[in-house]
Each structure stands twice: as structure tokens, then as C-alpha cells.
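Below you'll find the structure, written out as C-alpha cells, and then a few comments.
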Amino acid sequence: MFEIEIDGKLVNAEAGEKLIEVTDRVGISVPRFCYHEKLSVAANCRMCLVDVEGAPKPQPACSTPVSEGMKVSTQNEKAKSAQKSVMEFLLINHPLDCPICDQGGECELQDVAMSYGSNVSRFNEGKRVIADSNIGALIHTDMTRCIHCTRCVRFGTEIAGIMEMGGTGRGESLKIEPFLNEGIQSELSGNMIDVCPVGALTSKPFRYELRSWQMNSTESIARHDLVGSNINVQTYKGKVKRIVARSNDSVNETWISDRDRFSYEGLSHSNRLLKPQVKFDGTWKEVSWEVALDFCVKGLLRSAGESNSMNSLGVLASKTATLEEYYLLQKLVSELGCENIDYRLGVKDTKNTINLESNVKLSDLEKIDHALIVGSYTRLEQPMINHRLRKAALRGGTVDVINSMQFDFNLALNNENIIIPCEIANLLASTLKVVLESTNQDVPEELNKLTITKSATKIAKKLLSSDASVIVLGEHVINNDNAKNISNLVAMLAKNTNSSTLNLSKTGNSIAADIAGFFPGKDGLDVNSMLGKDMNAYIMFDVYPEYDFHNSSTAIKALSDKNSFIVSMNSFYNNNVADYSDVMLPISSYYETSGTHVNIEGEFQTFAASVKAPQESKPAWKVIKVLADLLDISGFNYSDSSNVLEEAKHNIKQGHRAEESINITDTNSVEVIWQPSPYSIDALLRHSDSLQETKIGQINKATMNSSTAKHLNLGDKDDYLGVPVVISSLVANNCVFINANKSTPSEEQA
Amino acid sequence: MFDKLIKIFKDFTLSELLLGMSVTAKELVNTKITVQFPEERTPISPRFRGIHALRRYPNGEERCIACKLCEAVCPANAITIESEMRDDGTRRTTQYDIDLFKCIYCGFCEEACPVDAIVETQIFDYAFESREGSVLTKERLLEIGDENKKLIDKTKLEDSKYR
Ligand code: SF4
Ligand code: SF4
Ligand code: SF4
Ligand code: FES
């Protein structure tokens with residue numbers, strides 16, 4: 001630490017810091033275009049020139065390291081005239097189209113031109129014009145406006161990990177353009193809109209709708225993944241119009257995924273459920289809330305029957321509810337004396353699934369030196385977590401993978417094991433055996449008969465030799481026949497190699513569901529037993545059966561065949577829901593209600609409503625509260641969702657601990673992994689048109705290798721479980737990896 | 001003392017009365033300046049700020065590009081604009097309303113417009129029959145522009161020398 005002098009002020013600086021970091025810290029403004037806090041220094045725009053005493057020419061603040069005794073002026077004649085000249089050069093080719101530019105009003109070039117530009121142009125020659133190419137449904141380009149700061153190019157190489165934009169030509173003919181004609185494919189591409197200082201890259205869905213000064217901005221939390229990225233929701237006349245990232249270094253830094261940025265489009269989809277409806281004699285009638293709720297109460301009480309017991313009521317919720325909604329619904333039904341409550345709709349067997357703690361901070365994730373990823377394509381499934389892992393990999397960390405299909409990771413893999421799902425448990429078990437043996441510990445009996453494979457030794461060596469390692473367990477194994485074993489093995493491996501664990505299978509807000517106690521009570525039924533039984537009544541919270549249930553056709557059949565009384569609260573209309581329900585209550589969707597998201601660190605992130613729920617739909621927590629009042633249940637006197645949160649915090653429930661035993665079973669038939677494609681994991685995403693148009697949104701394929709295809713008698717024009725077949729050698733033999741944007745399988749899965 | 005003497009002198013010679021009468025006498029023979037509105041009109045400056053109009057390009061295309069600068073600058077919040085991308089990819093308004101009850105005829109909107117789309121004309125004698133009539137819609141504004149194209153072009157040309 002030493003002192004330097006900037007504009008006559010003495011300020012502290014650290015060796016190795018760049019001048020611009022010091023000026024930013026002490027609040028001296030230096031204009032800049034190419035410099036970005038989170039990207040490497042390119043020093044190509046020259047806007048940040050300042051005068052450094054002793055240097056013959058002005059120096060760029062963004063790339064000049066501080067040194068002791070340095071005297072800098074950002075304001076003197078020399079600096080000012082340098083900045084002014086750079087501005088004049090930049091404006092030579094920049095079109096004068098601020099009035100039709102969506103960046104107008106929030107443009108860095110506009111702002112800097114106001115303070116450093118001149119009011120007349122001395123340039124009378126023709127301006128350069130660049131033809132635009134269509135780079136996809138999310139980003140609109142106007143490359144004539146580009147000032148070649150290369151922030152987007154650096155974002156691609158450094159953060160997204162795919163070099164999609166690049167510069168060709170030089171001097172006057174330098175062009176920034178996408179390398180491929182297929183458009184931008186990154187799952188983080190929307191951030192380029194944020195980093196572009198001018199209007200060259202702007203949001204396509206938002207195009208020409210509003211000016212930045214017309215909108216109100218509220219802070220909120222994005223809920224599509226496990227980090228809960230911090231965002232600003234910009235609204236106009238009660239509608240969400242745009243979402244931009246909000247910096248929070250411990251959560252999402254300054255980036256958000258495209259999912260979080262563009263999903264808001266679904267909010268104004270015509271498919272929203274907007275009025276309470278009741279089914280009279282098989283036909284739906286729009287009714288008032290009073291009538292609908294009264295109908296619910298009567299129906300629920302009737303279903304209790306003479307014994308007046310609610311044992312035959314089932315309560316199911318999707319993974320997207322807020323903590324408050326989970327807590328209230330759970331409280332409501334347990335007051336009624338019902339324990340049949342579950343949110344794990346996509347799990348084949350809730351007794352045999354992953355149950356693993358996550359115990360690593362997101363900001364520590366980028367400091368690990370080794371990661372073992374099991375059953376996950378982190379890049380598309382949890383983009384922000386993948387971003388941290390990628391940072392770790394760039395710092396020299398290594399990454400091993402155990403998957404059933406080879407994925408297009410954007411980080412260098414050290415060792416990729418592509419094996420059939422039923423072997424995952426075996427591989428982990430023999431890895432554990434190696435670990436135990438090499439640390440001179442007793443090997444449990446179950447592991448004795450295992451042969452140690454080469455890959456197991458490699459994985460074990462790597463885990464043992466790293467100081468800070470993490471084992472990441474993903475969604476692909478939740479329905480594995482050995483899911484529980486895998487989960488236990490990972491826990492034991494982590495314990496014996498001193499690794500942390502990260503459970504990526506608890507998607508959406510399921511961590512909050514666990515905390516709120518939204519799982520079957522001691523004698524309660526889980527989702528699959530409920531569907532197998534004759535329940536008299538159901539309360540379904542934002543459930544879309546063809547997407548949410550592990551096996552949609554059985555679930556839909558179970559719900560519609562039996563004569564149960566079904567209350568559905570949904571934010572979107574759904575045919576199947578309309579088929580089996582007796583009442584449909586319209587509830588708020590994302591950004592329309594206040595609530596709390598619990599992220600993978602266990603961090604409670606509370607957000608306020610950004611807009612009112614449209615028409616007659618209501619925030620779900622209020623609906624549950626009123627339902628409780630009508631059912632004469634006391635203890636629901638909340639005036640605000642924060643009261644609910646307080647109470648929920650005092651009643652934190654512990655998820656059930658699995659006992660540590662290993663008992664691996666073998667299967668020989670073809671195994672299927674069903675993974676919803678990244679942009680169809682919840683109802684809001686499925687209704688976001690622009691996201692659906694992207695390459696990632698279009699993913700819908702059942703990938704298998706040629707011998708599996710032969711075995712199943714399928715060609716690449718056929719469908720498997722309703723999904724088009726793609727034959728590729730990337731998948732393990734005897735395994736079908738399905739990435740579907742349609743409903744879950746309609747036939748019994750293998 | 002001296003002031004008092006002068007006053008007494010004026011009072012007795014009726015000088016002030018005569019002064020007043022002389023003005024009347026002069027106006028009796030002077031030419032008349034009263035105009036018979038609406039048959040007759042006084043000349044108006046080309047900068048006069050009357051009712052608004054939206055202009056078009058010679059090819060018939062509306063000028064306004066929905067930049068909303070006029071909306072932003074309007075001190076009376078009289079302008080409401082909604083915009084979209086028209087099918088041909090250009091930026092256009094879907095709604096452009098001026099509430100004449102709010103407007104204070106300051107002319108800022110005209111000053112702000114980068115494409116000289118919104119202008120204030122010399123027309124000041126307009127009326128409407130309902131409350132809603134006070135809101136000039138986009139169609140109405142374009143209509144006023146079309147009807148008075150010659151007048152607007154002329155006044156803008158006259159004024160352009162001083163800009
Ligand atoms: S498109 Fe934007 S971010 Fe990319 S180089 Fe041009 S100005 Fe910079
Ligand atoms: S003349 Fe002034 S008050 Fe009237 S619309 Fe224009 S800017 Fe607003
Ligand atoms: S009238 Fe002019 S200032 Fe107003 S939105 Fe149209 S182009 Fe912009
Ligand atoms: S910000 Fe320093 S050269 Fe661009």
C-alpha cells in the first residue's frame with residue numbers, strides 16, 4: 001500500500017492495481033469504453049487517457065499500473081485535449097441515430113459525448129456502414145453503431161467460453177461480427193447486451209418499445225436456477241418490460257443467464273389463467289373469487305367425509321413456489337390434519353433418490369482446484385454455477401466428469417467418463433474403495449467384491465491429491481435405479497477426500513420447499529403413493545402434469561379417472577389441468593408476488609412484487625391465507641409476506657437424512673435419462689416465445705448410439721417416447737439421453 | 001408651494017381635458033385598426049405556436065420515428081406515445097396523443113424533435129365539442145398536417161433563416 005496523487009488528492013493504492021481501479025474506488029470519474037471490471041484489459045478505445053507526470057504522452061488509465069509517487073491528472077489541459085480528440089475520432093463513424101436507438105438514454109457513448117465531445121463535426125466524408133446479420137431471437141445488432149471496444153468479443157472468450165463474436169479486417173474496415181451464420185448460441189449471450197457500451201447490441205424482444213427513462217426499476221431475484229441471480233425488473237404501466245442484471249459478487253457477479261433475462265416475456269402470454277373458474281356439471285364457468293373459494297371449502301370439507309378426516313387429501317406443488325407459499329400451504333394442510341404433501345413430482349421413487357447437502361459457497365467455487373461432476377451438463381442446466389466452475393478451471397483447476405453422454409462443456413475436461421447410468425454407482429463405489437484403501441481405512445463389506453477399474457483409480461487420485469475439491473451431483477441421476485446409493489457414495493467420497501459437495505438436483509426453489517417442511521409427514525404419502533391411491537381430494541399448486549410428473553400419462557390418468565375433488569392453483573391455463581380439476585384459481589407468476597428464494601448456499605433472498613398480478617389473479621400466498629380463514633383455521637393473520645417469512649424461519653424443518661448404506665443393483669435393459677431441455681423447466685419459460693425460438697429452446701431429441709438404436713429398432717426419422725431420435729456416438733451404449741421441450745414420457749419408461 | 005401653483009393654473013385652463021379631447025379628435029380622423037374576425041385576420045408571426053400537427057415526408061411517409069423526446073421534454077406531460085417495430089422494421093408510434101387541456105403551447109416539443117415531425121401551426125381558432133375532443137390523436141395530428149401542409153411548409157421556410 002502506498003500513496004499516489006490524483007488531481008492533487010492523495011489516495012491509497014495497492015501495487016499491481018491499474019490506475020482506473022484506483023480512480024473508480026475514490027470516485028474520480030475517468031471516461032472509458034473498452035474497460036470492464038469483469039473482463040480483461042484491452043486498452044483499445046483510448047478514451048481513458050490521463051496525464052501521468054513524467055510520461056511524454058497521456059497514458060490509458062485502464063492499463064497503466066500504479067507506482068509509488070505517481071502524479072496523475074485526469075483534468076488538465078493535456079488529458080482533456082487527448083480525451084476530446086479520442087471522442088472526435090470515435091464519432092467519425094458513429095451514426096447520428098440516437099433518436100431511433102434503443103440504447104438512447106442509457107448509452108455510455110452518449111453520456112461521454114455530452115461531457116467530452118464537441119458540438120460540431122469536422123468530418124465531412126462519408127460514414128462507414130456495416131450490414132447486419134441476424135444473430136438469433138434474443139439480440140438485435142446494429143453494427144454501424146459499433147465502436148470496436150471488443151467487450152462482446154472478450155465476453156465470449158472469457159466468460160461465455162464460446163468465441164462467437166470476433167473482429168475481422170483492420171482499421172476503417174474492422175468489423176465485429178459473429179463467426180457463424182447460425183446465430184449466437186451461448187446460454188449467457190444476453191450479457192453482451194449489458195456489456196456493449198453503445199446500441200450495437202440491444203435486446204430483440206424489447207426492441208423499439210420503450211425508452212430507458214420511461215420505466216420503473218425494482219430489485220428482484222431470478223428463480224430459474226439454483227443461484228437466484230440478482231436482477232432489476234424494469235416495468236412500465238404495470239407490465240414487466242425488461243430484465244437486467246444487478247451486481248452481487250457473492251451470487252451472480254454482474255452476469256445473468258438468458259433464461260433469467262428473457263423469461264419475463266411469458267408473463268404477458270395469452271395463455272395466462274386470469275379468472276377463477278369452477279366446473280359445474282362438466283362445464284367451466286368464470287366466477288368471482290368468493291364463489292370459487294366457497295366452492296373449494298365446501299368441496300374439501302365434503303371430501304373429508306363423515307369421519308371428517310383429511311387423510312385422503314393430497315397436496316402437490318411444483319418446484320417454483322416461493323418459500324412463503326410452501327410454508328403456508330404446508331401449514332394449512334397440516335392444521336387440517338393431513339400429511340400427504342410433496343413437491344418431488346418428477347421423482348420416480350422418492351425413497352430412492354438423491355439426498356445430499358451442498359456445502360460450498362458460490363464465491364469459493366471459483367477457488368477450488370478440482371471438481372468431479374456426476375450426472376450433469378452444468379453449462380446448460382445451471383449456467384451460473386458452471387460459470388464459477390469455468391473460472392476455477394481457467395485458474396488451473398481440473399474437472400473430471402462422470403456422465404452418460406458427452407456434452408459440449410465450455411471448460412477443459414481432465415478426464416471424461418461416459419458410462420451407462422447403471423454403472424455410475426459402481427464407478428463411484430470403486431472410487432471410494434480406492435480412496436479408502438489408499439488412506440488405510442477399512443473397506444466396508446459391500447465394496448469388497450468390487451474390482452477396481454483404471455478410471456476409478458484416476459478419479460480417486462485426483463480427489464485425494466487436491467486441497468480444495470468439490471463433487472457436483474446433477475439432475476441426471478435423480479431417477480437412476482441406484483440414485484440413493486450414488487448420493488450416499490458421493491457423500492462418503494466427499495467425507496474421505498475432504499471435498500465439498502454441491503447438489504444440483506434440487507432445482508427451482510426446492511431447497512425452500514425442504515426448509516418449509518413441504519414433504520410427507522411421518523405417516524404421509526409421497527407423490528407416487530398418492531397417485532396410486534384413491535384420494536378424495538387434491539390441492540395442486542402450479543402443477544402442469546405433462547411436464548412436472550415423472551410419468552405424465554399415468555399421473556394424468558390417476559388424477560382424472562378417480563373421482564377426486566381437485567383444486568388447482570395455476571398461473572397458466574393448461575388443458576390437462578382443466579380436464580381433471582374442479583376449481584381453477586389464477587395465481588401470480590414470477591415478479592408478481594413478494595417472496596423468498598433459497599439458493600444453493602442456503603441464502604434467503606427475499607424480493608418484493610415488481611408488478612401486480614394481472615386481472616383477477618392474486619398472489620398465491622394470499623389465496624392460501626384466505627382459504628385458511630374460510631376453513632376456520634386460526635393462525636393465519638398475516639398482513640404481509642414478510643410475517644410469513646419470519647414464522648417460516650422459526651420453524652425450519654430438516655429434510656430426512658438417508659442412512660449410509662450401499663446396495664447396488666444391476667439392470668441390463670436400455671436405460672433412459674429424461675432431462676427437460678433448459679428452457680422448458682418451468683411454465684414461465686415454456687411461454688417465453690423468444691427463448692423458445694433459440695437453439696437451446698429448440699432442443700428436443702432422444703440421443704442414442706447406433707447399436708442402441710438397432711436394439712430398439714429405431715432409425716433417425718423415428719420418435720422414441722414421443723421425442724425425435726438422434727443417433728450419435730456421444731452417448732454411452734445401452735442408454736438413451738432425452739432432452740425434451742415437450743411433456744414427460746407418455747409410456748412407461750424403461 | 002411651486003407645485004401647488006402649477007396645479008391651480010392647470011385646473012383653471014382645463015389643459016388636461018383638452019389634452020384628452022385632442023386624442024379623441026386625432027382618432028376621429030385616423031385609419032381604423034379593428035379587424036372583422038373571422039373574415040379579416042391580423043398577420044401572424046411564422047413562429048406563432050398554435051395547434052399541433054404531425055408532418056410527412058414528400059413520399060407520404062410519416063416523419064415521426066417514435067423517439068419520445070417530445071414526450072420527455074414536454075413540461076406539461078401533455079404527450080403520450082406508444083411505439084413498436086413496424087413490419088418493415090422501422091420504429092413507429094402506435095399511439096401519439098396530445099392533450100390540449102394540458103398543453104401550454106410552449107413549443108418545446110417542436111424544438112426537441114430531431115426530424116421536424118411535430119410542429120405547432122399558426123392555427124389558433126379551433127374548437128371541440130366533447131371533452132375527449134381535447135385529445136389530438138395521431139390520425140388527427142397527421143390530418144392537420146396534411147390539410148395545412150402548404151401553410152406549415154411556408155412558415156417553417158420563413159423561420160429557417162433564423163435557426
Ligand atoms: S458490438 Fe458493442 S461490445 Fe461489441 S465491440 Fe462493438 S461496441 Fe463493443
Ligand atoms: S407545446 Fe409545450 S406543453 Fe404543448 S405539447 Fe408541446 S411541449 Fe408540451
Ligand atoms: S414527434 Fe419528433 S420528437 Fe416526438 S417522438 Fe416523433 S420524432 Fe420524436
Ligand atoms: S478504457 Fe482504457 S483504453 Fe479503453
Side-chain angles (χ1 to χ4, degrees), chain A residues 94-107 110-111 113-114 119-121 129-145 199-216 234-242 265 268 689-690 693, chain B residues 52-57 59 61-99 102 107-119 135 137-138 141-142 145 156 160 162-163:
Chain A
H94 194 81
L96 252 180
D97 61 356
C98 305
I100 54 160
C101 175
D102 268 340
Q103 191 89 355
E106 52 181 5
C107 173
Q110 227 179 14
D111 296 347
M114 287 303 285
N119 51 0
V120 280
S121 169
V129 176
I130 307 271
D132 286 306
S133 52
N134 184 358
I135 65 166
L138 304 179
I139 306 179
H140 193 97
T141 60
D142 289 278
M143 279 306 172
T144 308
R145 296 181 189 144
L201 305 175
T202 49
S203 162
K204 207 171 227 178
F206 177 72
R207 188 159 173 82
Y208 290 166
E209 255 191 78
L210 289 166
R211 317 255 31 179
S212 59
W213 62 77
Q214 294 182 286
M215 294 179 286
N216 292 328
Q234 303 185 328
T235 60
Y236 175 71
K237 293 194 176 162
K239 287 241 160 73
V240 178
K241 288 295 181 183
R242 188 166 64 167
E265 263 194 299
S268 41
D689 296 338
S690 303
E693 268 177 51
Chain B
H52 312 67
L54 278 172
R55 299 173 72 206
R56 291 179 193 275
Y57 284 113
N59 66 2
E61 178 64 279
E62 52 179 304
R63 279 176 178 252
C64 175
I65 48 172
C67 71
K68 307 192 187 182
L69 291 179
C70 50
E71 183 187 40
V73 79
C74 178
N77 278 344
I79 306 181
T80 313
I81 301 176
E82 296 295 339
S83 60
E84 63 162 15
M85 183 157 92
R86 203 169 62 181
D87 290 339
D88 60 0
T90 57
R91 182 186 181 114
R92 297 293 164 190
T93 55
T94 53
Q95 181 193 355
Y96 188 113
D97 291 346
I98 296 185
D99 188 341
K102 288 187 184 168
F108 282 7
C109 46
E110 180 173 343
E111 291 292 326
C113 185
V115 290
D116 297 335
I118 187 78
V119 291
V135 177
T137 57
K138 179 178 175 184
L141 284 163
L142 283 168
K156 297 304 148 193
S160 62
Y162 310 103
R163 291 193 163 254

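Proteins come first, then strands; the chains are lettered A, B, ... in the order of their sequence lines, and each starts at number 1.
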Heavy atoms only: give me the nearest A/Pro99-B/Cys67 pair and the separation to one decimal. O-CB, 3.0 Å
Can you confirm whether B/Lys156 is buried at NZ, in the sense that more than 12 heavy atoms of other residues, nucleotides or ligands lie under 6.0 Å from that atom? yes
Is it the backbone or the side chain of B/Thr94 that comes under 4.5 Å from a heavy atom of chain A, or both, or neither? neither
Close side-chain approach of B/Ser83 to A/Arg211, heavy-atom, < 4.5 Å: no
Counting only heavy atoms closer than 4.5 Å, note whether A/Leu210 contacts chain B via side chain, backbone, both or neither. both
Between CZ on residue B/Arg86 and OH on residue A/Tyr208, distance to nearest 0.5 Å: 11.5 Å
So which heavy atom on A/Trp213 is nearest to which on B/Lys68, and how close? CZ2-O, 3.8 Å
Heavy-atom neighbours of B/Phe108 CZ exceed 12 at 6.0 Å: no
Beyond-backbone contact of B/Met85 with A/Lys204, side-chain heavy atoms, under 4.5 angstrom: no
Decide if atom OH of B/Tyr162 counts as having more than 12 heavy atoms of other residues, nucleotides or ligands within a radius under 6.0 Å. no
So, are B/Arg91 and A/Glu209 salt-bridged, with charged N and O less than 4.0 Å apart? no
To the nearest 0.5 Å, what is the distance between SG (A/Cys98) and CG (B/Leu69)? 9.0 Å
